[in-house]
Structure formats: structure tokens, C-alpha cells
Amino acid sequence: MSKNTPKAIRGTQDIFGADAESFAFVVETFERVRKLYRFRRVEMPVFEKTEVFSRAIGETTDVVSKEMYSFEDRGGDSLTLRPEFTAGIARAYLTNGWQQHAPLKVATHGPLFRYERPQKGRYRQFHQIDAEIIGAAEPQADVELLAMADQLLRELGIEGVTLNLNTLGDVASREAWRAGLIEYFSKVRGDLSEDSQERLEKNPLRILDSKDPRDKAFLADAPKIDEFLSDEALAFFENVTSGLDAAGVKWTRAESLVRGLDYYRHTAFEFIPDEGSAAADALGAQSTVLGGGRYDGLIESLGGSVTPAVGWAAGIERLAMLVGEKEAAPLHASIVPIGENGAKVAASLASFLRMHDLSVDVAFRGNMKKRMTRANDAGAFFALILGDDEIASRKVAVKNLRTGDQSLCSFDDVAVVLSEAVEGEEMARVARKFRGSGGFAGKERHPFSNY
RNA sequence: GCGAUCGUAGCUCAGUUGGUUAGAGCGCCGGUUUGUGGUACCGGAGGUCGGGGGUUCGAGACCCCUCGAUCGCCCCA
């Protein structure tokens, strides 16, 4: 690399090859599943006025003061590259009058930006998939959202990940719990880690997921949210859990799972790799695969009327790390033209075959041997050889690169002949793969069969 | 913001207590074969050893600074 070549920005990634295939597989699977649940696609701006995020998240938090990509535009307004989807969607909900569609189910995906030190599974520009239900206070909304998340992870083939579920209760429950935690931890203040002594002032709930062994000693006996839940909050949580059971979504109660920000109410959840699983190893310190919760307080903070909402987001890169290697779509045919005339006819043949839904590459570099090599390396099912002899007789030489068989095929028949042959190759390929995976055996019985 | 580890060819990495002209595998290009891939053999291109300064007769190696990467801490929307 020349020393005057500009470098990429810290924390950005150039995704290519196998990683890019995995990334695309995650997005395509998300798009497919989200349609099954009838979440409507939205496209959002990647930047907003800074206040959209600072008001939603809280002016004084570290998140807003240190970890956003903010800048002034030429008019002097402070703008911020979106660090999350939720605040922007909430803003759009209010500015576009989407209340008329409530309860509104929307989904989106794309790049997000956070000014943080990069590490495994954390980048400054990263990508998330996101799903929200806005304007629904019913626990069924939480259930539906979680069922979609669960199905998505299954369809991605991700194993060893469990839904960790908690409730933070309503405002009164949450505040009472917070007070209880402050009282409890204040008594042992001197024995807590320095970080947790600070958390005691700023965000006492966060002490519960401290990694410091000095803190862990006190966690087991810390007050639980359940002691503070109002009857309504308890009933809400029970509706969520029974709904999950009915939908066949496995979950585990995580009493110390909390959220850092104040607008969260009721349901909070994270899909987390089981300890010792391959997924846990793959993700390092960034263990949450998909997370979210109910944020009934957020839309109010942007000047809207009280609007209940629930949502989740998941990092595409993290999911991609867990889905394994994905094959690129197969190449049906590589055209190997010989000579100037061959090049011209090849362009025509390629266009013709692509219109018949066949994937086609033209090997235009090097001598014929080189072109055959490239056809082979690209994984093409067939090489289509097109020289003066073939063109003169309006035929193309079709070589099966698996078997080595070669025969001539007329221009008139080539699209049909290839389509049929490709179908056979695809089926053989899928069959090979399916045999290797053990098929659908082992899928668990769905709870619906018990009704 | 803090800490640890690491920067040698396009990629993955060797490189002895500091010693002559910095190596290998893969990849790339060409040839054995000018109309036939996978294998084999032969040849070739490609490096200011991240950058700057210092120690030394001599630095890829040692020291300082700097930039970058990785992993972790803080934070986590």
C-alpha cells in the first residue's frame, strides 16, 4: 500500500467475501421473516437533529455526551449520525402523523454510528436490523415481537442462544425498586468496586450486571423487582410470559437484566449465548445478540402524547458471526469466447440467458486455458465455449464442469437446455446439502399441537 | 477516556544472542499445452520490514515517540 493512500476511518469495515455473504443472509432472512409477521418496511434518514437523540436518551448520559457522532452543519444546527433506530422512528411517528396507523408495526435495517473504541463485535459504523410496535400497550405486542425475534434466530440457524427476560415494572414499581437497590448497596458501599460506587449515584440498576467479583458477592441478596411490582405490572408480565409459552418461545427469567435508560418500562429482554456455547466464544465480551424492551416513556420525551411502544434491534455483524459460512448463489454458466467475433456473440448470448433467469459470467481475460480456469474457479455449472467454428454453425459448446461431458447445442435451444440442466444441478446441490444437515429431524413439537 | 498485545510481499506467517543481497506457503502473471478447467512441473513480478527519531562499526530485531490494528475495561441506545 502506498503511504499516501488514505486509510479507512477507525471502526469502519469493508465487508467482502464470506463475511459479506453471511451479512446478506442475515438481512434477507430478516426481510423474509418480518413479512410473515406483517411488519411494514420503513426507510429512515441516517442523520437527525441532535436533539432527537439527546431528548430521547437523556441529555446528561454518557451516551449522549461522549458517544455520538455529532457535528454542526453549515447553518449551525447540531446534527448527529443516528446511533440507534428507535428515536428516529419515534420522531417520524410524530412528524408524519403515523398515529393513524397505530398499532404500527415497522421494521428497518441499515448503518448506525457510535463514537466508541472498536473491539470485537463493536464498530463505529455498524449495522442493525430493527423492529418496533408503536401505539400498543397490550402485552400481546410484546409477545408478537419476541416471537418474531425467536423465529428469526431459528431461521438463521443460530443455536445456543436463550431469551433472557425481565420486567422493570411500571414507573412506580421501577422507582421503588431503584430506591430499594440504593438502600441495599449503600450499606456495603465501601466494599463495592470503584465503578459501582459511581453507579450507585448515576445508575444503581447497572450494579446488577457488574463483572467485578467484589460486586458479585452482593448481587444474590440484592432486592428483586418482584418485591416491588404493582398488581398491574405483575399481570402484564404474566400475560407476556404465558403468551410466549403459547407461541412456543423458550425463555428464562433474568431478574438482574436491566436497561441503562429511564424510558424503559415493563418488558426488557436480551437473547444471550449460553455459557460455554460456540456462540459465546464467537462474540467475546459483546454477548447480547438481540435486545430490546418496552419504552413507553420515549415518545413523550419528544413532545408526543403518552404512547406505549415496544421494540428490539440486533447487530447484523454479530448475527453474521454466528450463522457460519454461507455459499454465494451458484453461477450457472461461464461463457468462454474465443476471438473477436466470439466476444461479440458472447455479449449477446449472456444477455439472452440472463433474461431467462440464468446467472452468467463472461470470461473475457486471458487465453482460453485461463478462461476455462476462471470458469472453474467461479464454480460455474457449465462452460459455454464460443469460437468461430461454433458461431459458423449457430451452436455453442456446452461443457459440464462437474462431469467434463461436452456437447454442442444450437443457439435456438440453448436457453431451454441450460435451464433444465441447471435445475438438475440445483436439485443435486440442495440434496447434498440437506443430507449433510440431517434435514428437519429434531425440530421440536409445537405447543399448538396440544390444543 | 484507560489497559494489554501486536504491526515483515495481495493474504497467512518465518526471520537465531543485533551481522553481508529479507524468506516460505497460498494467491497473481507467464510457460510446458496459441481451442479446453481441476493435477503436476518450470519461470517471473511483487517489500522504503507501519512512520519518525535514537543507540551501534552495523537495526526487521534494542530504546523513545507517533500512527494503526486486535482484545478487554468504562459505557451500552
Side-chain angles (χ1 to χ4, degrees), chain A residues 1-13 16-17 52-58 61-69 80-90 112-123 126 128 130 193-196 198-199 202-203 205-206 209-212 258-264 268 270 283-288 291-293 295 298 301 311-313 315 334 336-339 342 363 365-391 397-406:
Chain A
M1 182 181 69
S2 165
K3 66 182 169 189
N4 66 9
T5 301
K7 288 177 188 146
I9 304 297
R10 179 199 288 270
T12 62
Q13 336 166 58
F16 177 74
V52 170
F53 305 112
S54 61
R55 284 172 58 182
I57 295 166
T61 58
D62 278 15
V63 163
V64 166
S65 56
K66 303 198 305 212
E67 289 156 16
M68 298 201 309
Y69 255 103
T80 294
L81 299 178
R82 63 183 180 196
E84 60 158 19
F85 281 112
T86 308
I89 291 174
L112 303 170
F113 305 83
R114 295 180 184 177
Y115 199 89
E116 294 183 297
R117 188 102 184 191
Q119 52 182 290
K120 190 179 186 114
R122 277 183 103 160
Y123 305 94
F126 59 103
Q128 285 188 344
D130 181 274
S193 67
E194 296 76 16
D195 286 334
S196 284
E198 193 150 324
R199 289 182 182 116
K202 289 165 66 178
N203 202 345
L205 272 57
R206 276 278 160 191
D209 51 19
S210 170
K211 293 167 188 167
D212 196 301
V258 296
R259 309 264 80 181
L261 303 180
D262 290 338
Y263 57 62
Y264 284 105
E270 295 179 1
L283 291 178
Q286 313 308 322
S287 55
T288 299
Y295 51 93
L298 187 149
S301 70
W312 57 249
S334 181
V336 176
I338 300 159
R365 170 168 300 180
N367 56 24
M368 185 185 185
K369 177 190 165 74
K370 197 76 208 170
R371 294 174 188 211
M372 290 298 289
T373 305
R374 284 182 188 280
N376 192 60
D377 291 347
F381 291 153
F382 297 97
L384 306 183
I385 300 160
L386 209 49
D388 290 338
D389 297 347
E390 287 81 6
I391 292 168
V398 177
K399 178 162 189 172
N400 182 321
L401 291 175
R402 301 280 184 287
T403 63
D405 296 341
Q406 183 170 330

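Proteins get letters first, then strands, A, B, ... in listed order; numbering begins at 1 in each.
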Item to check | Test salt bridge (charged side-chain N to carboxylate O under 4.0 Å, His left out) applied to A/K66 - qualifying residues, sequence neighbours left out | outcome: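 Scan of A/K66 (salt bridge (charged side-chain N to carboxylate O under 4.0 Å, His left out), adjacent residues dropped) gives A/D62.
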
Item to check | Set of residues satisfying salt bridge (charged side-chain N to carboxylate O under 4.0 Å, His left out) with respect to A/D209, sequence neighbours excluded | outcome: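 With sequence neighbours excluded, A/D209 shows a salt bridge (charged side-chain N to carboxylate O under 4.0 Å, His left out) to A/R206, given in chain and number order.
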
Item to check | Residues in side chain to side chain donor-acceptor pair (under 3.5 Å) contact with A/N376, at least two apart in sequence or another chain | outcome: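 In terms of side chain to side chain donor-acceptor pair (under 3.5 Å), with neighbours along the sequence ignored, A/N376 is linked to no residue.
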
Pairwise distance [atom1]([X]) to [atom2]([Y]) - rounded to 0.5 angstrom:
| X | Y | atom1 | atom2 | result |
| --- | --- | --- | --- | --- |
| A/R55 | A/Y263 | CZ | OH | 14.0 Å |
| A/I385 | A/I338 | CD1 | CD1 | 6.5 Å |
| A/F381 | A/T403 | CZ | OG1 | 12.5 Å |

[N] and [M]: how far apart are their [atom1] atoms, nearest whole angstrom?
| N | M | atom1 | result |
| --- | --- | --- | --- |
| B/G3 | B/A45 | P | 46 Å |
| B/G46 | B/G10 | C1' | 9 Å |
| B/A22 | B/C49 | P | 11 Å |
| B/U55 | B/C65 | C1' | 15 Å |
| B/C63 | B/G7 | P | 13 Å |
| B/C2 | B/C75 | C1' | 13 Å |
| B/G47 | B/U21 | C1' | 14 Å |
| B/A14 | B/C71 | C1' | 24 Å |

Checklist entry - Quick one: are A/D130 and A/E84 in side-chain contact, heavy atoms under 4.5 Å? => result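 A/D130 vs A/E84: side chains apart.
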
Next on the checklist: Could you tell me if the side chain of A/D212 sits less than 4.5 Å from the side chain of A/D195, heavy atoms only?
Outcome noted: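 A side-chain contact under 4.5 Å is absent here.
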
Item to check | Stems involving RNA chain B, each a run of at least 3 consecutive Watson-Crick or G-U pairs under 3.5 Å | outcome: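 Runs of three or more consecutive pairs: B:1-7 with B:67-73, B:10-13 with B:23-26, B:28-32 with B:40-44, B:50-54 with B:62-66.
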
Checklist entry - What string of B, S and - do you get for nucleotides 67-77 of chain B 5' to 3' if you count protein non-hydrogen atoms under 4.0 Å? => result SSS-SBBBBBB

Checklist entry - For nucleotides 25-30 of chain B, read 5' to 3', which letter fits each nucleotide if B means a protein heavy atom sits under 4.0 Å from the base, S means only the sugar-phosphate is that close, and - means neither? => result ----SS

Item to check | For atom CG of A/N376 and atom P of B/G37, their distance in whole Å | outcome: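 Atom-to-atom, A/N376 to B/G37, this comes out as 10 Å.
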
Checklist entry - Expressed in angstrom and rounded to an integer, what is the separation of A/I338 atom CD1 from B/G37 atom P? => result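 Roughly 12 Å, once rounded to whole Å.
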
With sequence neighbours excluded, tell me which residues meet side-chain contact (heavy atoms from CB on, under 4.5 Å) with [X].
| X | value |
| --- | --- |
| A/D377 | A/T373 |
| A/L205 | A/R174, A/W177, A/R178, A/L181, A/N203, A/V258 |
| A/V64 | A/S54, A/I57, A/T61, A/M68 |

Checklist entry - Does any pair with a residue in residues 112-122 of chain A pass salt bridge (charged side-chain N to carboxylate O under 4.0 Å, His left out), and if so which ones, sequence neighbours excluded? => result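 Of all non-adjacent pairs touching residues 112-122 of chain A, those that pass salt bridge (charged side-chain N to carboxylate O under 4.0 Å, His left out) are A/E116-A/R122.
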
Checklist entry - Looking at residues at least two apart in the chain, or sitting in another chain, which of them share a ring-ring contact (aromatic ring centres under 6.0 Å, His included) with A/Y69? => result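 Scan of A/Y69 (ring-ring contact (aromatic ring centres under 6.0 Å, His included), adjacent residues dropped) gives A/Y115.
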
Checklist entry - Does atom CD of A/E198 have more than 12 heavy-atom neighbours, drawn from other residues, nucleotides or ligands, at distances under 6.0 Å? => result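 It does not: A/E198 CD has 12 such atoms or fewer within range.
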
Next on the checklist: Between the base of B/G35 and the side chain of A/E390, is one N or O donor paired with an acceptor at under 3.5 angstrom?
Outcome noted: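 Side chain to base: pair present.
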
Dump the pairs, protein N or O against N or O of nucleotides 39-45 of chain B, anything under 3.5 Å, distances to one decimal.
none

